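One structure is given below, encoded as structure tokens.
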Amino acid sequence: MSAWVLPDHIADVLPSEARHIEELRRGLLDTARSYGYELVMPPMLEYLDSLLTGTGEALAIQTSKLVDQLSGRTMGLRADMTQQVARIDAHLLNRQGVTRLCYCGPVVHARPDRPRATREPFQFGAEIYGHAGLEADLEALHLALDCLKGAGVKDIIVDLADVRIVRSLLAGVMADEQQLRAVHGALASKDATELARLTADFPQASREGLMALLQLYGGMDVLDKAETQLQSIAGVREVLSHLRWLTQRLQGVKISFDLADLRGYSYYSGTRFAIYVPGGSDALVRGGRYDEVGAVYGRIRPAAGFSLDIKQLVAVVPERPLKAAIRAPWGDDVQVAAAIAALRQQGETVVCVLPGHESEVDEFHCDRELANIGGQWVVQAI
């Protein structure tokens, strides 16, 4: 095999896309900062017992493992940063009030999580800790929407769900973890035949409620149908009321529901949301409430947030025009060097043409040049 061949679903990012990703990264972090979110930078590697405790099987499968040559302990390459940020909130910051944190960096997946997906997503996310009310859920949603709008995403679709509905339907059901995972999978795939088989021995109310969930997706009328069909299930009416409260405060987006949606990692504990664009089968953003995420670190804190992959985002937003640059001659002349330095300090991109390369392709689309006119170095149009 050639030395330059990369592993499957791993790829270099070339200049044009890298520039676009970096511009999006800066915009996302600026948007998060405008809401008061502080940037943290968790490590790429952690001991496995810290990285995966409490995350469930899905994240464990996605985590690549290796042995620490210093301690002999098993480490993991992070596949998601939510757990790491929860550890930072619980143990390093240990604040008593509301804490808002954001992050941005590469994560590594042991296998692609969808067709044509990279195994090295560039993850951006934001988490708000310390407030149990719906206001935090709404802030996470508003921030996610502002991030997408700032990136140039149009015609946004917000899909809402709440894991407490399924949890209520499964409360008291005698089933092992493997069977419950299979039930979750059948719900996600809308497989009525498999769900009926898996729930044949469940109590009637649970079985009928789970089967009803397969049809509870679509527009606002889904909440009315759910209230009628699941009225005997404890806690469902309150959950549906919370979903209505959120939808009443989301403007300028299309809203849908899928009350059987359980995709993602197991730490979600309440409201969940996924954000799509028309024609897209994969969510650009996933988020929600995960109050139990810090429990494994000895500190249960209310938490809500979201994450997205900038590499996925860059593929669906229009590329921003490249800022035109200034072409300048190379030389040891003190006046030329001073003029170039002054332009760069003003925020201009100045590309010096090295001797013998005057005819090469201009990658920066220079529309001006630094020229000596009357003994003065001035910028003029090309």
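These values consider heavy atoms only, across backbone and side chains, with no hydrogens, waters or symmetry-generated copies. The structure presented is a predicted model; accordingly, all values stated were derived computationally and were not measured.
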Starting at CG of L148, measure out to CD1 of I156 and round the result to the nearest 0.5 Å. 5.0 Å
Would a distance-only check, ignoring hydrogens and angles, find a side-chain to backbone donor-acceptor pair under 3.5 Å from S206 to L169? yes
Identify whether the distance between the nearest side-chain nitrogen and carboxylate oxygen of R25 and E22 falls below 4.0 Å. yes
NZ/NE/NH1/NH2 to OD/OE distance under 4.0 Å, D261 and R286: yes
Only pairs at least two apart or in different chains count here, so list each salt bridge (charged side-chain N to carboxylate O under 4.0 Å, His left out) that has a residue in residues 321-335. R327-E369
Pairwise distance NE2(H357) to CH2(W330) - rounded to 0.5 angstrom: 11.5 Å
Which value, rounded to the nearest 0.5 Å, describes the distance between L216 atom CG and L187 atom CG? 11.0 Å
Connecting only ILVMFWY residues whose side-chain heavy atoms lie within less than 4.5 Å of each other, what is the rest of V334's hydrophobic cluster? none
List, one per line, each side-chain donor-acceptor pair under 3.5 Å for residues 232-243, sequence neighbours excluded.
{"residue": "R237", "atom": "NH1", "partner": "E227", "partner atom": "OE2", "Å": "2.5"}
{"residue": "H242", "atom": "ND1", "partner": "R164", "partner atom": "NH2", "Å": "3.4"}

Students should find that the hydrophobic cluster of W377, defined by side-chain heavy atoms under 4.5 Å apart, otherwise consists of I326, V336, I340, L343, V350, L370, V379
Quick test of your reading: applying salt bridge (charged side-chain N to carboxylate O under 4.0 Å, His left out), list the pairs with at least one residue in residues 339-349, sequence neighbours left out, ordered by first then second residue. E348-R368
Side chain to side chain donor-acceptor pair (under 3.5 Å) partner of R100, the single match among E127, H131, E139: E139
With sequence neighbours left out, the residues meeting salt bridge (charged side-chain N to carboxylate O under 4.0 Å, His left out) with D159 are none
Partner of E46 under salt bridge (charged side-chain N to carboxylate O under 4.0 Å, His left out), chosen from R78, R87, R73, K65: R87
Whether Y290 and Y268 hold their rings parallel, tilted or perpendicular, with breakpoints at 30° and 60°: perpendicular
Is it true that a side-chain atom of D309 and a backbone atom of F122 form a donor plus acceptor pair closer than 3.5 Å? yes
Starting from Y276 and following side-chain heavy-atom contacts under 4.5 Å between hydrophobic residues (I, L, V, M, F, W, Y), which residues can be reached? I157
Mark yes or no for whether E17, through its side chain, and A315, through its backbone, hold a donor-acceptor pair below 3.5 Å. no
Quick one: do F202 and L170 satisfy side-chain contact (heavy atoms from CB on, under 4.5 Å)? Show the steps, please. CA-CA 9 Å; F202 285 13; L170 292 173; 3.8 Å; yes
Consider only side-chain N and O atoms of E194 and S189, and report whether a donor and an acceptor are under 3.5 Å apart. no
Scan residues 245-255 for pairs that pass salt bridge (charged side-chain N to carboxylate O under 4.0 Å, His left out), counting only residues two or more places apart or in two chains. none
Has Q231 got a side-chain atom pairing as donor or acceptor with T228's backbone, closer than 3.5 angstrom? yes
Applying side chain to side chain contact (heavy atoms under 4.5 Å, CB included) to P302 and not counting sequence neighbours gives A132, R289, D291
What residues, two or more places apart in sequence or in another chain, satisfy salt bridge (charged side-chain N to carboxylate O under 4.0 Å, His left out) together with R116? none
To the nearest 0.5 angstrom, please state how far the CG atom of L250 sits from the CG atom of L160. 6.5 Å
Write out all pairs satisfying salt bridge (charged side-chain N to carboxylate O under 4.0 Å, His left out) with one or both partners inside residues 203-221, taking only residues at least two apart or from two chains. D221-K225
Measure from the side-chain N and O atoms of Q179 to the backbone N and O of L198, and report whether any donor-acceptor pair falls under 3.5 Å. yes
Taking ILVMFWY side chains as joined if any heavy atoms are under 4.5 angstrom apart, and letting links pass through other members, which residues group with Y47? M44, L45, L66, M75, L77, V108
